[in-house]
Peer 1: 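Mind having a look at this structure? Questions to follow.
Residue numbers count from 1 along this sequence.
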Amino acid sequence: MKFYTQSFTYDDSWSIVSLAYFLRYPNPYASHILSCDVISRELTPAGTLLTTRLILKRGALPRWAPKGIISRTEAWVIEESEVDPLGKTVQCRTKNLEFTKVMQVEEYAFIRQNEDGQTLQTNEARIRSRFGWGLTKRIEAFGMHRVESHVQRSRDGISLILNMIRQSRQTLGAPATAYSPSMYHSPKEESSTPSPAHSDLQQNTSSWRRWKGWLFGNQ
C-alpha cells in the first residue's frame with residue numbers, strides 16, 4: 001500500500017473555494033471525467049450537508065499492463081462529502097467501485113478556512129493493489145503517479161473556476177456569494193453527461209461552454 005499527502009493554500013475565502021470545488025466538473029483540466037451526477041443529498045440535524053455523487057472516469061493503462069487485466073478503461077467512482085458552513089470545513093472521500101482487486105484508490109480532500117482568511121486544502125490518498133503475479137508494487141507505483149498528476153490538474157481546474165467566479169462577480173458588480181446549502185439543491189446544475197462518443201474533445205468543450213454560459217449569463 002502507498003500513501004500520498006499534499007497541502008496547498010488558496011488566497012480566496014472558504015465560501016468561494018468550497019463553491020468552486022463542487023463546480024469543478026466540467027473543466028478543461030478534467031477531460032477524463034465523463035459524467036458526474038448527484039445521487040443523494042441531505043441536511044443533517046447539525047446543519048451539515050451530506051452529498052453523494054457518482055462519477056464516471058476514463059483512465060489509460062500502462063503499456064506493460066497484461067492484456068485483459070481490466071475489461072474497459074472507464075470506471076465508476078463514488079464521492080461522499082460533508083460540508084459544514086458554520087465550522088467552514090469540507091470533507092470529501094472518493095473511491096473506485098470497480099476493478100478494486102487490480103487497484104483500490106481512496107482519496108480524501110479536506111478544505112478549511114485559516115485564521116488569516118485564506119483557505120487550506122489537504123489531499124490524502126491510499127493506493128492498494130491485490131493483483132499479485134509480481135505486479136503489485138508496480139501497479140501501486142503507477143497509481144501513485146496518477147494520483148499526483150490528478151491532484152495537480154484538479155488544483156488547476158479549481159483555480160480556473162475561482163478566476164471565473166471573480167470575473168463574474170466583477171462583471172455583475174456583486175460581492176462573492178457565501179456558501180449556502182441551497183446552492184447545491186438541484187442535481188441538474190451539477191450533472192454533466194457525455195454525448196455518445198464520436199468526439200470526446202467536442203463534448204468536453206461543449207460542456208465547458210454551457211458551464212461558462214450558466215456562470216456569466218448572456219453577456
Peer 1: Only pairs under 3.5 Å count here: list side-chain donor-acceptor contacts from residues 101-109, not counting sequence neighbours, and write none if there are none.
Peer 2:
residue: Gln104; atom: NE2; partner: Asn96; partner atom: O; Å: 3.1
residue: Gln104; atom: NE2; partner: Asn96; partner atom: OD1; Å: 2.9
residue: Glu106; atom: OE1; partner: Tyr108; partner atom: OH; Å: 3.0
residue: Tyr108; atom: OH; partner: Arg126; partner atom: NH2; Å: 2.9

Peer 1: Are the side chains of Ile127 and Met1 in contact, using a 4.5 Å heavy-atom criterion?
Peer 2: no
Peer 1: Side chains of Val38 and Thr52, heavy atoms from C-beta outward: is any pair under 4.5 Å?
Peer 2: no
Peer 1: Could you give all pairs that pass the salt bridge (charged side-chain N to carboxylate O under 4.0 Å, His left out) test and reach residues 140-158, with sequence neighbours left out?
Peer 2: none
Peer 1: Kindly compute the distance separating CZ (Phe99) from CH2 (Trp76), expressed to the nearest 0.5 Å.
Peer 2: 12.0 Å
Peer 1: Enumerate the salt bridge (charged side-chain N to carboxylate O under 4.0 Å, His left out) contacts for residues 68-78, please, sequence neighbours excluded, ordered by first and then second residue.
Peer 2: Arg58-Glu74, Arg72-Glu98
Peer 1: Keeping Asn114 on the side-chain end and Gly117 on the backbone end, is there a donor-acceptor pair under 3.5 Å?
Peer 2: no
Peer 1: When you look at NZ of Lys88, are more than 12 heavy atoms from neighbouring residues, nucleotides or ligands closer to it than 6.0 Å?
Peer 2: no
Peer 1: Any salt bridge (charged side-chain N to carboxylate O under 4.0 Å, His left out) pairs touching residues 1-16, not counting sequence neighbours?
Peer 2: Asp12-Arg166
Peer 1: With side-chain contact (heavy atoms from CB on, under 4.5 Å) as the criterion, how do Phe22 and Ser81 come out once you've worked through the C-alpha distance, each side chain's angles and the decisive distance to 0.1 Å?
Peer 2: CA-CA 10 Å; Phe22 285 101; Ser81 63; 3.4 Å; yes
Peer 1: Measuring only between side-chain heavy atoms, which start at C-beta, is Asn123 closer than 4.5 Å to Thr5?
Peer 2: no
Peer 1: In this structure, are over 12 heavy atoms from other groups packed under 6.0 Å from Trp64 atom CH2?
Peer 2: yes
Peer 1: Could you list the residues that satisfy side chain to side chain donor-acceptor pair (under 3.5 Å) with Thr48, not counting sequence neighbours?
Peer 2: Thr44, Glu82
Peer 1: Could you please spell out the steps behind the side-chain contact (heavy atoms from CB on, under 4.5 Å) verdict for Thr51 and Glu80?
Peer 2: CA-CA 6 Å; Thr51 302; Glu80 300 170 310; over 6 Å; no
Peer 1: Give the other cluster members for Leu86, using side-chain heavy-atom distances under 4.5 Å between Ile, Leu, Val, Met, Phe, Trp and Tyr residues; answer none if it is isolated.
Peer 2: none
Peer 1: Please name all residues satisfying side chain to side chain donor-acceptor pair (under 3.5 Å) with Thr136, sequence neighbours left out, ordered by chain then number.
Peer 2: none
Peer 1: Any side-chain heavy-atom pair from Leu34 and Lys57 closer than 4.5 angstrom?
Peer 2: no
Peer 1: Name all pairs fulfilling the ring pair (Phe, Tyr, Trp, His ring centres under 6.0 Å) condition that reach into residues 141-171, sequence neighbours left out, sorted by first residue then second.
Peer 2: His32-His150
Peer 1: I'd like to know if Phe110 and Val83 are part of one continuous hydrophobic network [Ile/Leu/Val/Met/Phe/Trp/Tyr, side-chain heavy atoms within less than 4.5 Å].
Peer 2: no
Peer 1: Roughly how far, to the nearest 0.5 Å, is CZ of Arg53 from OG of Ser35?
Peer 2: 11.0 Å
Peer 1: What pair of heavy atoms forms the shortest contact from Phe131 to Ser129, and how long is it?
Peer 2: N-OG, 3.3 Å
Peer 1: Spell out, yes or no, whether Phe3 and Ile139 are grouped together once hydrophobic residues are joined by side-chain heavy atoms under 4.5 Å, including indirect joins.
Peer 2: no
Peer 1: Distance from Leu56 atom CG to Leu97 atom CG, nearest 0.5 Å?
Peer 2: 11.0 Å
Peer 1: Measure the spacing between CD1 of Ile158 and CD1 of Ile16 and express it to the nearest 0.5 Å.
Peer 2: 13.5 Å
Peer 1: Hey, what else clusters with Leu120 if you join Ile, Leu, Val, Met, Phe, Trp, Tyr whenever side-chain heavy atoms sit under 4.5 Å?
Peer 2: none
Peer 1: Can you tell me how far SG of Cys92 sits from CD of Glu79, rounded to the nearest 0.5 angstrom?
Peer 2: 3.5 Å
Peer 1: For Thr9, check side chain to side chain donor-acceptor pair (under 3.5 Å) against everything at least two apart and list the hits.
Peer 2: none
Peer 1: Output all residues satisfying ring pair (Phe, Tyr, Trp, His ring centres under 6.0 Å) with Tyr4, sequence neighbours left out; order by chain, then residue number.
Peer 2: none
Peer 1: Can you check side-chain contact (heavy atoms from CB on, under 4.5 Å) on Tyr10 and Gln118, steps first, answer last?
Peer 2: CA-CA 6 Å; Tyr10 296 101; Gln118 295 181 323; over 6 Å; no
Peer 1: For Thr73, check side chain to side chain donor-acceptor pair (under 3.5 Å) against everything at least two apart and list the hits.
Peer 2: none
Peer 1: Is there a donor-acceptor contact under 3.5 Å from the side chain of Asn163 to the main chain of Leu160?
Peer 2: no
Peer 1: For the CG atom of Leu23 and the CE atom of Met164, what is their distance to the nearest 0.5 Å?
Peer 2: 10.0 Å
Peer 1: Find out if a path of hydrophobic residues (ILVMFWY) with successive side-chain heavy-atom gaps under 4.5 Å connects Val77 to Leu50.
Peer 2: no
Peer 1: If I compare all heavy atoms of Pro85 with all of Gly47, which pair ends up nearest, and what's the gap?
Peer 2: CD-O, 3.6 Å
Peer 1: Please report the shortest heavy-atom distance between Trp14 and Ile111, naming the atom on each side.
Peer 2: NE1-O, 3.5 Å
Peer 1: Specify the closest pair of heavy atoms between Gly157 and Asn27, including all atoms of both residues, with the distance to one decimal.
Peer 2: CA-OD1, 3.6 Å
